[in-house]
Each structure stands twice: as structure tokens, then as C-alpha cells.
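These notes are about the structure you will find just below.
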Amino acid sequence: MSKNKTISAHRISSDRIDQLHEISGVNVYACYQCGNCSAACPAVEFMDPTPHQVIRKIQLGFIDELTTSETPWICAACITCTVKCPRGVDIAKVMEGLRQIVLRSDFEHGHLCDIDEKMRKKLPQIALIGNFRKTIL
Amino acid sequence: MELSYYPGCTLKANAKNFETSALAILQHLDVTVKELEDWYCCGVCFSQTQDNLMQQIAPVRTLVKAKESNRRQLLALCTMCFNTLKRAIEFIKNDKEKRDTIHQFMDREDTKFYGDEVEVIDILTLIRQIGLDKLKAAIVKKAVDLKVASYYGCMLLRPQEIAIDSPDDPVIMEEIITHAGCENVYFPFRTECCGSYQIVSEPEIVRERARKIVGSAVKNGADLMVMLCPLCYYNLDEVQRDIQEEDATFQPLPVLYFTQLLALLMGLKPDLQDFRLHAIDPRPVLKRKGLL
Amino acid sequence: MKRVGVFVCHCGINIASTVDVSRVVEDLHDYPGIAYIQDYKYMCSDPGQNLLKEAIKSEKLDAVVIAACSPTLHENTFRLAVQTVGMNPYNCEIANIREQCSWVHKDRTVATEKAKRIIRAVVEKALLDESLEPIKVPVVRKAVVLGGGIAGIQAALNIANSDYEVILVEKQSSIGGRMAQLSETFPTLDCSQCILTPKMVDVAQHPKIRLLTYAELADVSGFVGNFKVKIRQKARYVDWDKCTGCGLCIEKCPQKVASEFDQGLGKRKAIFTPFAQAVPNKPVIDCDNCTYFKTGKCRVCEKLCPFEAINFVETDTYIEEEVGAIVVATGYDVYPVLNMGEYGSGKIPDVVDGLTFERLLSSSGPTGGEVRRPSDGKIPKEIVFIKCVGSRDPEHHFPYCSKICCMYTTKHAMLYKHRVPDGQPYIFYMDVRAGGKGYEEFYQRAQDEDKVLFLRGKVSKLYQDDDKVVVCGIDTLSGSNVEIRADLVVLAMAIRPSKGIEELAKLLKISIDQNGFLTEAHPKLRPVESLSAGIYLAGCAQAPKDIPDTVAQATATAAMVANLFAKEYLLHDPIITGVDEELCSGCGLCVAVCPYDARKTNREKGLVEVNEVLCEACGACAAACPSGAAQQRNFTDEQLNRMVRAILTT
């Protein structure tokens, strides 16, 4: 992870931000950091950084911190953040964008064969497919 | 009234109680549903990316089938299917360029889908359309002081453009419950996420969610909780067992599909439902309240 | 042919860097119709104007064209200048070669060519310009002020103190408005009613003010200086000429209703005055809630009134007045909590809006100034204030900042702390906007002296849990989600223009902006005028603002009114669209398209007639007229044709 905290014109306009924008289609610059996404997020206690911090770090160009963090994988795309946002920032799509950046260089996050056989039989199909859709390119 | 019906994978496998009870109450309300022929998985999660159209193909294929059925309305019982299909319609309607790309890709289909031809409908909205008075008239059993916690989850309410009711303060389930002669329990977590598919890779998140959601309903005096999503159902029913194992003081709460409760209230044969499939056995409370 | 002089301005390098000015002068020198042409570095400067005046005299010019910046800037300057040497100002024209040429082009050759064509076109216009005299209109020196809150009170008093008559119209039975409901005011914490009521009394006693309460504007016609207004006096069912305000009827009335003035916290009677210091202090009967009106029985007030003032058969009456100016000061409403699903949709009794909390703090309020929560009357020990509720939320509610909430919420927390010293106030905020005299200091005092805990972030939801309200929010400064079990929650709801503003705006033909507030003529330079002449705006009807700003704006409207009334006649721009009676067939097409009601069909004469004062010279009628009878002065069809030809000719 980059520990370099220098902010520069180069960093805050990096290709990685463009890439994220291309995948997600979200304009993160509308965010004014009210924090409502984090306040409402049902999984926030498992996240570091939290959703509003994710958006801020993108604005600052600290994308590496996000692609190496667990936050996007904790997100279950419940879309609460998106409906809460007063500025129309689709945070759920940003989370997906971050996951895609990782997956597009690494194909898989987590291992399907790790799922317990007994569990796999019991789980509803939508749980399994939903999970695959998130963790495999 | 006749409409197409899209069951989705889970209703044919792990959520049989949902399908049988839903189809039974609709029949009882004179609604004919015709299952789509040769349907596909909807893809479960609507694609959140802008640049990957492959993931849109699955729901669009299903919508093509629905269009070919020549019935305008398509009932999706599973809320995840509902969400994915309805968002796919919005997507196809609003992005002409990407729609064209998808059309070009789907060259084996004879029918092209433009978005306006099919309306995806959930069962709550459908019941409203059938008429709450008609529903009321179909209720034959009087539940004894039954306090019901209606759990919405995410997929019927978010995002805003496909929401069937206010994402913050919905009323539709409570309205139907009132007309069915039961008492509503408002609990603050009724629209909060259950943890969804994180049950696969991060089950502790789901346990935490289930503890909060169920705990809040219990605290507000609920006798049972009803819902419409097979995944929420699993996370809030099955997971209660895990919580009980960890925490002996945890007070469990029976969980039913919304349609199971309506079927009982309509006096439909109870053996239509398999109560053995429930992790938290609802039979004691159903007996106590005069529904079994 | 008229002798037209052309003066080309360099505007420093603003024009000259893109337009080759000497080339323009050289090439236009022999243009037919130009008798004289010259360039100068700054035409608007004193030497530039002198040069213009000298040339008019020495060259015996009949008209001049100044090729310079936009006419919105210096047309007036040059027209005044030519007048001093005896030229009719309407013979002075501006050719805009800056905003419409040099500023928008880079290529010098192209810009120079375009500048020449613009000048040629305006020269063609100047050749046919007529000398015109402003239209004189008499002024009715009486104003009507709509709304009796602090804005309307201030405007009315100031106009009246200039010795002009004022009619103050208020829809409630008493003046006072929102300010009368407030407890204490920031940043000085002086009692709101104590500073307001003397002004209310002044209004009542002022010989130049006619106070019409329980009344509203029903219709308006006319134009600046000459409006006709029709005011509906709602039936009060009490003859105020007989009533002495003894209050016996109120005391004995058996019907209790939730008090609007106390935001529903306290009760009032069906015959009532809204509050103790009401002006006029005379009651009205609320016929929707009066037992007699509902059941046909009761009439207790009628029996008891020693002056026989009760009159159950009273009906609405109408008052017609002529006025020269209108001040709109209709104030604001608070966006209802009902709209906030995440904050309980108004169903949680201990979640209230800021105005309700004012009543809980007010010594004249339902709790006598003790902070007691609505559900059980307990004194809240932990209290949460949430700012920006509905404001700054373009996605769900309103995009704008309601402006007053930062300060009044800080004040609420501070006053609460003074009343409940062992209590803890929390404020959720996104930004603190404390721009104003003494405001920042006030905010700092709340933090360091009164220990108000400011939490930076939104509250995502709140809910009732036992007898507490659980507030789920975030403090983004620490990055922590926080949960507070509060006894009372106060929401700083968005400010909305008061109900009925749209109908009123339609009636007055003034515009409202995208957020529903009345639109000022210019956001900086004409902030108290509407776009319709003679109609002025004060207070929160125009935009959310606090008391000092409201008073300043109201005072400004009074200055505008006094300014208008100081003249015997108003001068109306003579550039209007008339009717050539020879050509007019009375078809009425122009009447239908006129947005200002300036044109009327005279059926007897078979002609259209124009009210020159109402005409704003938009030209819609001239475009619609099939026969060419509607010609705009100095913008005739012939002038426009020649201008177009001059532009198109290379």
C-alpha cells in the first residue's frame, strides 16, 4: 500500500480515478462529506475505511488504499448508501467499481471451493450466485 | 386477471413454501398466473458496472420471453429477481446506445425488447391492484391478537427508481396486514439489509444483522415476522439457530413468507405448507393464535 | 439624410486587441450615411465624452453610434452626454463590439470584419431613429404591503414615516408573523416579542397605516403607479367596531382547538386571538371548529358579549383600493416533518421542528418557557438537534441552504443549556455558516462556554425505543458512527415560501424561482425589486433570511417606494409598440400574444388600442401582426430589414 500521502495535481487526476469513473459512471466530486452513507450502512462496523471515507479517498487519489482494503468486499450492495445520498452519488456503484478494478487484474477474490458442502446445499441459490457475481470476474 | 409468472431458481429449490403459498392465494383471489416457458436465471444481482453489458443479457433474455408471452405483466415473487428484472427494464428503456449493443449481441432471439412492453410486478403491488377489499373478503380466519412484524429488506425499496414504496417509510405490507385482520408491529430495522449474500463469505456480518433485526422486532412485541425474499428468509430464519448456539439468552422469532401467513388467514389447507422447513418452528405461535 | 457620427472605442485592449480599430475607422469612412467617424481609447471616460459632445456640435451631427461595450453598461452614460448638447437621447445608439464581438473571437481579421458589420447595421438603424420623449404617468402615492410579519411591519412603518399612506394586509387576525412565535433571537438573545411588539403597536397607531388583518389579496390589475387592488376581508363573525377586546367570549367558549401559534402544542378556543399581545387584540371565530357552525347550537359568545359584537351571519367582504406600489412580504413556512420518512414522518411525538421548539423555549409558550417534551412533559436531559433537514438535499428535497438554521440551532442548544444546566445538547451539522455580525463569536460561545457538542455529519435515521428516541448518525471528523439515546430531537427543517405563494405570484404577474421563492430583478444590483415595475420584495418570500437581513431588505423596499412616490410623474420608456390605425384591422392577434395585457381590442372602432405604460416593448405583437400595423418605435420593420441587409452585405 502506498504510504505516500502527498497530494498533487498529478495524484488527484490520475488514470485510476478515470478508470473507476469509467466502470462505475459515478461523479464522486458531488460528495460533500455529510457521511449519511456511512451513518446508514448496515455493515459499516466491519469496514475500514467507511463509505464516505472511500469517496473522499477517491477524490484525493488514494485509490491503492481502497483496492487493498476489505471495504468493497464487505459491501453487500444493499444500496442504502445510494438512496440516502443527498447529492446523488451512487456509492454502491463505486464499491462495485473498486471490486472490478481488483477483479480485472486478479480474476477471483476468495475461493469458491472453500464453501462448506453442507452449507452449499442449504443456502438459497440467490445467495451463491450473488456471491459469485461479486467475487469472480 | 391473467399474468406471466417468473419463479426464479430459488423458488423451485429452497423456497418451496413461498411458491406454493403465493400461487395458492393468487388462485384463491381469481388471478391466473402462467409460468414463463423456458426461463433463465435472472443473474441475481443487477450489474452495477457501466462497461460490462454481458451481465445484462440474462435478465433481458427473460424479459424477451415475457414479451413473447403476450402478457403485459410479469410477476416476480422473489424480490431479488424482481429487482434485477425491473432495473434491467429501466436500463433498456433509458440507454438507447447500450440497448442497441445488446440487441446486436442477442442475434439468436427473434424478439427485441425495448423496455415498455413488459411490466415487472411484485406480489404486494399485485395484491393492491387486486384490491384490498377483495383481499379482506377472502380472509376467513380471525387471528387472535396476532402481532406481525413486516420486514421489507432491500430489493423492493432500493434503488429509488424501482422502489414499490417509500424507501424510508414504506407502508404497503402493513396496509395489507391490517386488511388481513392482524396487528402491525413497527420496528426500526424493517427496511435494513439482512447482510444478503455475505452469508457465503462473511457470515458474521449476517449474524450481527439478524441479531439486530430480529431483536428489534421481538422488542417491539412481534409474534412473528413476514417477508418476501428467500435470501432474507434464510438469513433471518436459519441464522437464528446459529445465534442461539452462541447466545442462550437470544429470543428467537418465527419467520414466514408473507404469502404463507395470508394463505393461513384465507383458510387454505395448512398442509400446503411444509412447516418442517422452518428453522424456527412457527407452529406453536400459529396454534396459539388460532391459525393452525 | 441625417448626419450620423460613429465613435469607435478601444476599451483599452478589450476591443483593440481583437478588433483592428483603425482599420474599422478607415474602412467605414466612406460608408453612406456616416458623416463622421473617429476612434478613442476609452469613450466612456470624461475626455471621451467631451470628444463626443464637441463632435456633435462641430460636425452638426443628428445622431451618433458609439461602437463599444454592451448597452446595459454605458448606453445611459452616452445618452445623458448627448442630451447636454441638445441631441435627443434616442438618437444615440450603441453598437456592441465588445461582448458580442471582441470578447468572443480570437481571429483578428474575422473580428474586425464583424465589428464593421455590427456598426453598419446600427448606423442604418440610427438613420431612421425618431426623436422620442418619455411617456409621463401620474403616480398614486399609496402603497399596499402584503404580509404583516416583521418584513411587512418594517416596510409599512418606513413608508408611512415618509408620509405616504400604506395599507398593510395580513391573512391572520393579528400581525406579528413568525417573529412573534420566536423565543429569543440570535446573537444577542433578546426576547423576540419584546423587540417586535413595540413595532406592532406603532403600526396600529400610525395615522398613515390602514391595517387590514384576516384579509388577503383577491385581485390586482393596473401597473406601476396605478395598481388597482381588491382585498378580501374574511368573515370574522365579530364586529370589530363594537368589540373592545375584553376577552369574555374567549374565556367562556367551550370549544378547544390545537393552537397554530403554539405549533399545536397548546390549545386555543374556537373564538380566539392568536396570542396575548395580538394587534389588533380582537378575536375572530374559527368557523371550521366553532360548535355553533358545526352543530347549530351553542352561541355562548353571542349571549355573553356585553357589546353585541358577535355576528354569525357575517360574510366575506371586498375592499378595493388604488395604489402606486406593492410590497410582497408573505414570509415562510417550515417544511413539514411529515416529509422525512427516516425521521419518523412526524409520527414520533418527541421529534419536533425548530419552530415548535421556539414555542417550548418561549416564556409565553405552552410550557411557560420550561423545556418540556411533548410526549410526557418531562424535561429532556439529552437533546439532539439536526441541521439541514430537507435543505441542501437536491436528491430528495431542496438544493438550497435555508440560511437561518445554523444560527437558530446554536441558539436553541444554548438556551436549552441555560434552562436545563445539567442537560446535554448535541448538534449534528454538515457545515456551520456563521457569517454575520457577532455570529461566529456566538457559535464559539456555544462550544466553549455552554459545552454544546457539535457532531459533524448526518443522521441517517431515528426511531422510538421505549421512552427514548434513538438517533443513528455519524461524526465524520472522528470517522465514527454514533448513536444517541435522546429525550427530545429538534429538526432544523428547510424554509419554504409560505403557502399560496404560487397563486399570489400569478396574480401579481411576478416570477418564482426553481425553488419556489419570488425572483428578484437582479441578484446583486436589484435585490428588492421584482421584475414587474412597482412590485417590491421583502423577507423570506424572496429567499430564506434572518431578522437583520429581513429588516434591511424591508427598509430598502420602503426606500424604493418612497423613491417612486417622490416624483409627480413616472417616466416610461417611449420605446413601445404602437398601432398604425390606417393599417390595423382589429384582428386581435397581438392582443392574444401580449404578455403584459397592454393591448385591447376596441370593437366599436374595430381597432386595437395600446396602453403605452404597460407595454414593455417585447415585440411579440409586432411579430404577430399580419398587416404591419404594430410597429415598435425605433425598431420598425424597415429599420430591422435595413440592419439585416447591412449585416449580410460584405
Side-chain angles (χ1 to χ4, degrees), chain A residues 19-26 40-47 70 73-85 88 90-101 103-104 109-112 114-116 119-135 137, chain B residues 8-15 41-52 55 58 78-81 83-84 153-155 157-163 167-168 189 191-206 208-209 212-213 229-235 238 279:
Chain A
Q19 185 192 4
L20 186 60
H21 180 256
E22 205 164 290
I23 298 173
S24 68
V26 178
C41 176
V44 70
E45 60 204 273
F46 299 92
M47 290 180 177
E70 276 304 302
W73 309 101
I74 299 291
C75 165
C78 75
I79 325 196
T80 305
C81 47
T82 300
V83 295
K84 287 282 179 185
C85 181
D90 196 331
I91 299 121
K93 283 189 179 158
V94 172
M95 293 291 185
E96 176 67 10
L98 290 167
R99 289 193 288 265
Q100 287 290 321
I101 287 179
L103 291 174
R104 288 176 192 191
H109 184 89
H111 301 282
L112 292 182
D114 291 350
I115 303 169
D116 176 61
M119 183 90 166
R120 192 156 60 205
K121 287 213 171 109
K122 275 201 314 191
L123 283 170
Q125 287 65 28
I126 45 178
L128 292 164
I129 306 165
N131 194 267
F132 302 162
R133 286 293 287 264
K134 183 167 107 170
T135 54
L137 188 63
Chain B
C9 313
T10 312
L11 266 75
K12 293 292 182 192
N14 293 26
C41 168
C42 66
V44 180
C45 300
F46 179 80
S47 171
Q48 303 260 52
T49 58
Q50 298 295 302
D51 61 347
N52 183 0
Q55 298 201 348
C78 166
T79 61
M80 285 195 107
C81 302
N83 188 285
T84 305
C154 307
M155 295 293 141
L157 299 178
R158 294 186 283 268
Q160 179 88 51
E161 58 268 23
I162 60 97
D168 286 317
F189 293 88
T191 64
E192 285 206 359
C193 178
C194 67
S196 189
Y197 47 70
Q198 291 294 29
I199 186 67
V200 181
S201 46
E202 312 275 350
E204 66 278 18
I205 294 181
V206 175
E208 200 45 49
R209 298 306 304 158
K212 272 205 171 130
I213 294 164
C229 172
L231 180 47
C232 300
Y233 176 86
Y234 181 90
N235 286 348
E238 194 69 33

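Computed over heavy atoms, backbone and side chain alike; hydrogens, waters and symmetry mates excluded. Convention: sequence-line order gives letters A, B, ...; per-chain numbering from 1.
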Report which part of [X] has an atom under 4.5 Å of a heavy atom belonging to chain A: side chain, backbone, both, or neither.
X: B:C42; answer: neither
X: B:C41; answer: side chain
X: B:E204; answer: both
X: B:E208; answer: side chain
X: B:N235; answer: neither

If I take atom [atom1] from residue [X] and atom [atom2] from residue [Y], how far apart are they, to the nearest 0.5 angstrom?
X: A:R99; Y: B:T49; atom1: CZ; atom2: OG1; result: 10.5 Å
X: A:I129; Y: B:T10; atom1: CD1; atom2: OG1; result: 6.5 Å
X: A:C78; Y: B:L157; atom1: SG; atom2: CG; result: 11.0 Å

Chain A interface, residue from [options] that has the most non-hydrogen pairs under 4.5 Å:
options: B:A163, B:P159, B:C78; value: B:P159
options: B:R209, B:M80, B:E202, B:E192; value: B:R209
options: B:G195, B:A15, B:G43; value: B:G43

Under a 4.5 Å heavy-atom cutoff, which of [options] has the most pairs with chain B?
options: A:T80, A:T82, A:I126; answer: A:I126
options: A:E45, A:K84, A:R104; answer: A:R104
options: A:N131, A:I79, A:T135; answer: A:N131

For [X] versus [Y], what's the shortest heavy-atom pair and its separation?
X: B:Y197; Y: A:A127; value: CB-O, 3.3 Å
X: A:A77; Y: B:Q48; value: CB-NE2, 3.8 Å
X: A:A76; Y: B:S196; value: CB-CB, 4.0 Å

Answer with side chain, backbone, both or neither: which region of [X] has an atom nearer than 4.5 Å to a non-hydrogen atom of chain B?
X: A:K134; value: side chain
X: A:E22; value: backbone
X: A:C41; value: neither

Problem set entry | Note, A:K93 side chain near B:Q50 side chain (heavy atom, < 4.5 Å) |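 A side-chain contact under 4.5 Å exists here.
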Exercise. Can you find a heavy atom in the side chain of A:Q125 that is under 4.5 Å from one in the side chain of B:V44?
Worked result: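 A side-chain contact is absent here, since even the closest heavy-atom pair is not under 4.5 Å.
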Exercise. Do any N or O atoms from the side chain of A:E96 and from the backbone of B:S47 form a donor-acceptor pair under 3.5 angstrom?
Worked result: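 No, because the side chain of A:E96 does not come within donor-acceptor range (under 3.5 Å) of the backbone of B:S47.
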Problem set entry | B:Q55 and A:R133: side chain donor to acceptor below 3.5 Å |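 Side-chain D/A pair, B:Q55 to A:R133: present.
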